[in-house]
Protein chains: 2
Amino acid sequence: MKRTTIKDVAEAAGVGVATVSRVLSGGSASPETRERVLAVAAHLDYRPSALGRNLRQQRTGGIGLLLPDLTDPLYGRLAEGVLACARSAGEPVLVGSTGGDPEQESELIGMLLEQSVDKVVAVPSGDADTWGPALRTGMTVVFAGERPDEPTEEPVDDLLLLDGLRGRPRVEGGIPTVLADDRSGVRTAVQYLKGLGHRRIAYLGGPGHARRVSAFREALGPLVDDELVVFAGGSRDAAYAAASGLFQSRPDLTAVLAGGNQLGEAAVLAARELDLRIPRDLSLVMYDDVPWAELCSPPLTVIAQPAQDLGYRAAELVLRAGIRRPRSVLLPTELIVRGSCGPRR
Amino acid sequence: MKRTTIKDVAEAAGVGVATVSRVLSGGSASPETRERVLAVAAHLDYRPSALGRNLRQQRTGGIGLLLPDLTDPLYGRLAEGVLACARSAGEPVLVGSTGGDPEQESELIGMLLEQSVDKVVAVPSGDADTWGPALRTGMTVVFAGERPDEPTEEPVDDLLLLDGLRGRPRVEGGIPTVLADDRSGVRTAVQYLKGLGHRRIAYLGGPGHARRVSAFREALGPLVDDELVVFAGGSRDAAYAAASGLFQSRPDLTAVLAGGNQLGEAAVLAARELDLRIPRDLSLVMYDDVPWAELCSPPLTVIAQPAQDLGYRAAELVLRAGIRRPRSVLLPTELIVRGSCGPRR
DNA sequence: TTGAAAGCGCTAACAC
DNA sequence: GTGTTAGCGCTTTCAA
């Protein structure tokens with residue numbers, strides 16, 4: 001089953017290959033030639049080979065998308081955003097799922113390099129070491145939803161850093177990044193909880209939550225209790241263990257902010273297991289809105305981030321790179337109050 | 001930023017390009033040459049261009065993945081399965097999301113053709129017309145999770161057709177398909193509900209549910225009530241409208257089988273809105289297990305299908321095609337009893 | 001064991 | 001306006 005090539009079309013139309021190429025890419029040609037070529041091409045069901053074109057042009061179309069886990073509804077929506085933008089630009093998308101593991105991420109970057117994919121949207125898991133090779137090769141990368149963790153533990157003022165006004169250079173060295181405004185999302189949630197009278201508020205975090213936790217500390221101010229800031233690994237089990245451990249070791253806490261939907265899930269499950277009633281015994285705010293948040297009883301109060309937009313904007317940036325110097329973007333979050341928070345008991 | 005080519009390596013190592021190619025693809029070479037080439041390649045951080053290779057070999061690596069919606073956890077898991085298999089084979093994956101729309105599906109198939117992707121795993125939305133062009137070009141296609149709908153409405157015996165023993169030829173004309181055993185899943189669920197005393201059982205279906213609904217009818221036998229079999233379009237809103245409409249028009253029904261997780265969501269929401277208590281007033285079984293099924297109160301009884309395996313197996317089939325003649329596969333489903341079903345009121 | 005050279009499908013530079 | 005041709009990076013004969 002041989003593929004129809006430009007040569008076949010040229011022969012059948014009685015013209016040279018260059019003419020066919022021109023006609024198909026909108027170049028100049030006499031109306032009659034154009035028509036004949038078009039007719040023949042349609043008749044032979046000719047499709048130009050992206051392989052040949054890309055090789056020739058030294059410019060591979062296509063954008064790569066690297067994220068931790070397609071199973072997470074957050075990343076699913078983000079991916080849909082990227083796909084939507086890519087489709088409207090007619091670009092194919094190569095997807096890789098890293099499992100949150102820098103090593104796999106690194107391998108997948110290698111794979112993209114091999115495929116000559118030079119535009120990448122990523123929800124990064126690794127740090128500068130992981131992304132260095134990609135950048136050195138001249139890949140255009142845009143981070144979405146996350147940015148590589150700071151190597152340090154010190155709380156840093158992200159907003160200022162984002163504006164590039166001070167602080168030492170960020171690991172990503174100016175890579176455009178599309179983020180939800182975690183700082184403001186967390187602040188709003190914490191203030192809401194404070195307003196309900198809560199004082200002992202816990203943060204249940206996961207990998208890559210440096211920004212959120214720093215915002216949490218800042219919003220809580222002197223109320224912050226280090227024991228109430230816990231981190232879980234990436235897995236569902238780890239999240240459950242962390243939630244359960246937290247609730248058992250500190251029965252005095254009255255509210256918890258779960259830093260992601262898996263952590264929220266874990267919190268709901270752990271609370272149920274320990275017979276903590278939400279919101280009577282424990283108020284819960286979950287980061288990220290997911291469909292099931294509304295199905296829970298009580299329905300969960302959440303910080304919603306525009307996941308699909310995150311992906312769409314990132315894809316836009318990566319496609320426009322070169323044309324316009326891409327800038328980082330901060331998208332708003334929204335506190336959606338449902339039923340999982342009550343006054344301090 | 002020019003990319004390192006095989007020529008650069010050859011020059012630097014003082015050998016011909018052919019030798020480099022041979023060494024890198026494990027061909028014969030003298031030990032010392034091999035070592036020198038390898039060293040130089042590593043030093044220059046050389047990565048063979050898949051573009052060049054594929055063009056030359058007329059065989060594009062890479063597999064295409066087409067599915068309705070990455071936002072649906074079912075397809076998310078399926079995609080993870082495909083990605084896992086592809087990664088272990090070192091193959092890149094091109095993903096397209098069709099929104100359940102045959103036209104978009106068709107366009108995406110065109111895009112894959114253009115990219116010379118000749119191996120595709122798909123959760124199909126379109127029918128024979130949509131997939132004809134792909135097959136005619138010699139694409140290897142494997143369907144996963146769904147198969148194109150029969151053009152007819154008559155209930156057909158799928159299992160026998162699957163075995164190719166009788167019935168008129170299926171639209172997909174022998175395309176390997178990896179499916180969950182819906183027939184048995186639905187049968188088990190219906191029998192479970194019958195065992196609880198239910199007689200007026202509804203089926204809440206979506207697009208592509210021909211198999212499930214036929215199994216439903218068969219399992220219910222003479223009890224089937226056509227008014228209780230309703231179909232919703234693909235959207236969340238449509239699902240909600242269908243569920244709500246069903247519950248209002250037929251308050252006498254005592255149990256419902258939701259044919260997918262979005263439909264299950266809709267059922268839970270609609271029931272809550274109408275003050276139908278689950279399971280006291282209404283028993284609910286949902287097709288497909290999702291994390292939030294356990295978080296609902298009551299936790300939902302579900303028919304679980306091995307979504308990730310579906311994807312993995314499909315990818316396996318598509319990669320092995322040519323080596324071994326691929327056969328269709330039926331994977332088991334499982335009824336997971338939680339708390340959303342009770343005895344007939 | 002190795003190198004030279006052809007050629008995969010395409011576009012762009014150049015000649016007519 | 002149109003044809004000829006070189007060459008993108010690679011693998012694979014074919015000779016040496």
Side-chain angles (χ1 to χ4, degrees), chain A residues 1-38 40-41 44-62 90 92 112-118 137-138, chain B residues 1-38 40-41 44-62 90 92 112-118 137-138:
Chain A
M1 181 101 38
K2 223 188 131 303
R3 182 185 173 118
T4 315
T5 78
I6 198 175
K7 215 173 153 191
D8 301 327
V9 179
E11 272 175 24
V15 299
V17 289
T19 304
V20 177
S21 175
R22 263 184 238 114
V23 167
L24 263 49
S25 42
S28 64
S30 79
E32 49 183 47
T33 313
R34 142 168 280 106
E35 192 152 348
R36 196 164 71 252
V37 169
L38 252 26
V40 171
L44 296 184
D45 194 31
Y46 168 67
R47 289 177 180 285
S49 152
L51 243 47
R53 181 180 29 239
N54 291 339
L55 180 54
R56 170 64 224 239
Q57 302 192 152
Q58 291 296 76
R59 158 195 73 75
T60 281
L112 293 178
L113 246 26
E114 213 157 280
Q115 302 294 325
S116 304
V117 171
D118 56 357
T137 339
Chain B
M1 182 103 38
K2 224 189 127 305
R3 185 188 171 113
T4 316
T5 78
I6 198 173
K7 215 172 152 191
D8 301 327
V9 179
E11 272 174 24
V15 298
V17 289
T19 303
V20 176
S21 175
R22 263 185 239 112
V23 167
L24 262 48
S25 43
S28 64
S30 80
E32 50 183 47
T33 312
R34 144 168 280 109
E35 191 152 348
R36 196 166 68 252
V37 170
L38 253 24
V40 170
L44 296 185
D45 194 31
Y46 168 66
R47 288 177 181 284
S49 150
L51 242 47
R53 180 179 28 238
N54 291 339
L55 180 54
R56 169 65 222 238
Q57 299 189 154
Q58 291 295 79
R59 158 194 73 75
T60 281
L112 293 177
L113 245 27
E114 216 157 276
Q115 300 295 325
S116 306
V117 170
D118 57 356
T137 338

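Within every chain, numbering begins at 1; the chains are lettered A, B, ... in the order of the sequence lines, protein sequences first and strands thereafter.
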Check residues 24-33 of chain A and write down every donor-acceptor pair under 3.5 Å in which the side-chain atom is one partner and the other belongs to a residue at least two apart or another chain.
unit_1, atom_1, unit_2, atom_2, d
A:S25, OG, A:S21, O, 2.6
A:S30, OG, A:T33, N, 3.2
A:S30, OG, A:T33, OG1, 2.6

Below 3.5 Å between N/O atoms, which protein atoms pair up with nucleotides 5-7 of chain C? Just atom names and distances, please.
unit_1, atom_1, unit_2, atom_2, d
C:dG7, N2, B:R56, NH1, 3.4

So if I take every side-chain heavy atom of A:Q58 and compare against C:dT2, D:dG9, D:dC10, which nucleotide ends up nearest? D:dG9

Whole angstroms only, please: what is the CZ-C1' distance between B:R36 and C:dG3? 13 Å

Under a 3.5 Å threshold, yes or no: a donor from one side chain and an acceptor from the other, between B:R47 and A:T137? no

For a quick test of reading the model: is some side-chain N or O of B:Q57 closer than 4.0 Å to OP1 or OP2 of C:dC8? no

Which whole-number value in Å describes the distance from A:N54 CG to D:dG9 P? 13 Å

Name the closest nucleotide to the B:S21 side chain, picking from D:dT12, C:dC10, D:dT2. D:dT12

Could you check whether any side-chain N or O of A:N54 sits under 3.5 Å from a backbone N or O of A:L51, counting only pairs where one atom can act as donor and the other as acceptor? no

Rounded to the nearest Å, what distance is computed from the CG atom of residue A:L24 to the P atom of nucleotide C:dA12? 13 Å

Can you spot which of B:L38, B:L44, B:V37 makes a side chain to side chain contact (heavy atoms under 4.5 Å, CB included) with B:V40? B:L44

Which nucleotide sits closest to the side chain of B:T19: C:dG3, D:dT11, D:dG1? C:dG3

Looking at every strand, decide which applies to A:G16 at a 4.0 Å heavy-atom threshold: base, sugar-phosphate, or nothing. sugar-phosphate

Closest to the A:T5 side chain: D:dT13, C:dG9, D:dC10? C:dG9

Without decimals, in angstroms, what is the distance between A:R22 CZ and D:dT4 P? 11 Å

Given side chain to side chain contact (heavy atoms under 4.5 Å, CB included), test A:S116 with A:Q58 step by step and report yes or no. CA-CA 9 Å; A:S116 304; A:Q58 291 296 76; over 6 Å; no

Is there a side chain to side chain donor-acceptor pair (under 3.5 Å) between A:R34 and A:T19 once you walk through the steps? CA-CA 9 Å; A:R34 142 168 280 106; A:T19 304; over 6 Å; no

If I take atom CG in residue A:D8 and atom P in nucleotide C:dC8, what distance separates them, rounded to the nearest angstrom? 11 Å

List the atom of B:P92, the atom of A:Q115, and the distance in Å for their closest heavy-atom pair. CG-NE2, 3.5 Å

When you look at CD of B:E35, are more than 12 heavy atoms from neighbouring residues, nucleotides or ligands closer to it than 6.0 Å? no

Just to be sure I understand the rule, does B:T33 reach a base, reach only the sugar-phosphate, or reach nothing, if contact means heavy atoms closer than 4.0 Å? sugar-phosphate

Using whole Å, what does the distance between atom C1' of nucleotide D:dC8 and atom CD1 of A:I6 come to? 15 Å

Within the pair B:R53 and D:dT11, is there a side-chain N or O less than 4.0 Å away from OP1 or OP2? yes

Return the value, rounded to whole Å, for the distance between atom CD of A:E35 and atom P of D:dT2. 13 Å

Using a heavy-atom cut-off of under 4.0 Å over every strand shown, decide if B:L51 touches base, sugar-phosphate, or nothing. nothing

Starting from C1' on C:dG9, measure out to OH on A:Y46 and report it in whole angstrom. 7 Å

Could you check whether the side chain of A:R47 and the base of C:dG9 have a donor-acceptor pair of N or O atoms closer than 3.5 Å, going by distance alone? no

Is A:S28 close enough to D:dT2 that one of its side-chain N or O atoms is under 4.0 Å from OP1 or OP2 there? no

